[in-house]
Amino acid sequence: EAKANGRDQYSEYKRVMTAQVVDDFRREEQLRHAIEKGHLECWLQSKVDANQRWVAAEALVRWRHYEEWIPPNKFIPLAERLGLIVPIGQFMLESVARILPRARALFPNFEIAVNVSPRQFRSEHFAENVIRTFQRLNAPLEGLKLEITESLLVDDSDQVQQTMERLKAHGVTFSIDDFGTGYSNLRRLQWMPVGEVKIDRAFVHAGMQSERERALLDTIVTMGANLSLERVAEGIETIEQFEYLRELGCQQFQGFYFHRPEPALDWLKKLSELKVSE
Ligand code: C2E
Ligand code: MG
Ligand code: MG
Ligand code: MG
């Protein structure tokens, strides 16, 4: 009986694994096709200051597959494994290079952030490529922010630091995304030209649930402050979360409570309306 059971489990395992491989394979084909045919879109979500004024935005990739939107969490990890994150990242950089000058023509200090995966960041000539892309599109690099993850800081290679320094010399700034969820090498963080941390929404949400969770949220925000880093709170969905994090000393806020991500041109239209009503 045990044997039969084992065999069942094995065939079940094989069935699931095969399904997974087939799924990945189909998704890979679809993703390559989407990149080639230009089915990816750049959306933007505003970030606000303590007075709820728009001061920045984050660019987020969107993939429309026929009638369905495939969320980034469903394809970014795959794209990262396949190296397809490089062309996707390039598409996002070009999109931001087109929008940033228009946003800054309206509000001179406006910043737009774009997410950069570790594999993309470590790809050959990454800094050079960012600089050239913006030059080619006549876009100054001031106001560009790159959201990177803590895993880049674990790596001891000087290459990451050199890439950052090179971009920083051109006015690019850096933010640690999902701060507190990875394994930061805090010692290394001290040396990196990072100016900001984004407090992950998991901490924000949990922090409203219990004393214990609140202590953790407070600690993470305070750590950012003690390291002289700007603090952006992510995933703000309620006024309570906003007020609490503002009290804690976060300077920027991002979340559905303020604005949802929307297509770049719709977003830009709102930004210019804001300028008119100023
Ligand atoms: P992230 O960089 O932490 O981006 C914030 C995510 O939180 C976005 O999800 C955004 O839509 C969502 N969000 C914003 N406000 C709220 C809120 O109030 N509540 C909730 N529940 N969610 C909120 P999205 O667009 O699905 O992206 C998920 C992740 O995929 C991103 O997390 C980022 O890690 C990755 N990603 C997205 N676009 C890109 C990209 O162009 N390149 C790379 N490398 N990664 C990307
Ligand atoms: Mg981000
Ligand atoms: Mg984030
Ligand atoms: Mg997050």
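Both backbone and side-chain heavy atoms feed into the values below; hydrogens, waters and symmetry mates do not. Values in this document were obtained by computation on a predicted structure and should not be read as measured data. Each ligand, and each atom within it, is numbered from 1 in the order the structure gives.
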Exactly one of V55, V48, V204, I199 should register a side-chain contact (heavy atoms from CB on, under 4.5 Å) with F253. Which one does?
V48
In terms of side-chain geometry, is the basic nitrogen of K269 or E273 positioned less than 4.0 Å from the acidic oxygen of its partner?
yes
E80 touching ligand 1 at heavy-atom level, < 4.0 angstrom:
no
Closer than 4.0 angstrom: is that true for some heavy atom of G235 and an atom of ligand 1?
yes
Strictly under 2.8 Å of the Mg ion (ligand 2): which protein N/O/S atoms qualify?
E58 OE2, N115 OD1, E147 OE1, D177 OD2
Kindly confirm or rule out an N or O of E237 lying under 3.5 angstrom from an N or O of ligand 1.
yes
Around atom CZ of R132, are there more than 12 heavy atoms from other residues, nucleotides or ligands closer than 6.0 Å?
no
How about W69: does its CH2 atom have over 12 heavy atoms from other parts shown lying under 6.0 Å from it?
yes
Hey, are T173 and E196 close enough side-chain-wise for a donor-acceptor pair under 3.5 Å?
no
Aromatic plane relationship, F126 with F121 - under 30° parallel, 30 to 60° tilted, over 60° perpendicular
tilted
Which pair of non-hydrogen atoms, one from I70 and one from H65, has the smallest distance, and what is that distance?
CD1-CB, 3.5 Å
Ligand 1 to G255 polar contact by distance, N or O atoms, under 3.5 Å:
no
Should we count CD of E124 as having more than 12 external heavy atoms under 6.0 Å?
no
Looking at R187, I want to see if its CZ is surrounded by more than 12 non-hydrogen atoms of other residues, nucleotides or ligands under 6.0 Å.
no
Which ligand 1 atoms, with their elements, are less than 4.0 angstrom from a heavy-atom of S117?
44 (N)
Would you mind running through ligand 1 and noting each atom that sits below 4.0 Å from a heavy atom of D178?
3 (O)
Run the contact test for K198 against ligand 1 with a 4.0 Å cut-off on heavy atoms, strictly below, and give the result.
no
Would you please indicate if the ring centroids of F258 and F242 are separated by under 6.0 Å?
yes
Would you mind running through ligand 1 and noting each atom that sits below 4.0 Å from a heavy atom of I85?
44 (N)
Is the shortest distance from a heavy atom of R62 to ligand 1 less than 4.0 Å?
yes
Indicate yes or no: does an N/O atom of V61 lie under 3.5 Å from an N/O atom of ligand 1?
yes
Given N115, D177, T181, identify the one with the heavy atom nearest to atom 43 (C) of ligand 1.
N115
Any N/O pair Q45/ligand 1 closer than 3.5 Å
yes
Can you confirm, on distance only, whether ligand 1 has an N/O atom lying under 3.5 Å from any N/O atom belonging to H205?
no
Taking heavy atoms and a distance under 4.0 Å, where does R260 meet ligand 1: side chain, backbone, both or neither?
neither
Given E234, R201, E58, K47, the one that forms side-chain hydrogen bond (donor to acceptor under 3.5 Å, both in side chains) with Q254:
E58
Output yes when E278 and K275 qualify as a salt bridge under the 4.0 Å nitrogen-oxygen rule, no when they do not.
yes
So the ring-ring contact (aromatic ring centres under 6.0 Å, His included) pairs with at least one residue in residues 94-117 (sequence neighbours excluded) are F110-W267
I'd like to know if E211 pairs up with R214 as an ion pair, taking the criterion as any Lys NZ or Arg NE/NH1/NH2 lying under 4.0 Å from an Asp or Glu carboxylate oxygen.
yes
With heavy-atom distances below 4.0 Å as the criterion, list the atoms of ligand 1 near P261.
11 (O)
Taking 4.0 angstrom as the limit and counting only heavy atoms of I236, give me the atoms of ligand 1 inside it, by number and element.
18 (O)
Of the side chain and backbone of E58, name the one, both, or neither that has a heavy atom under 4.0 Å from an atom of ligand 1.
side chain
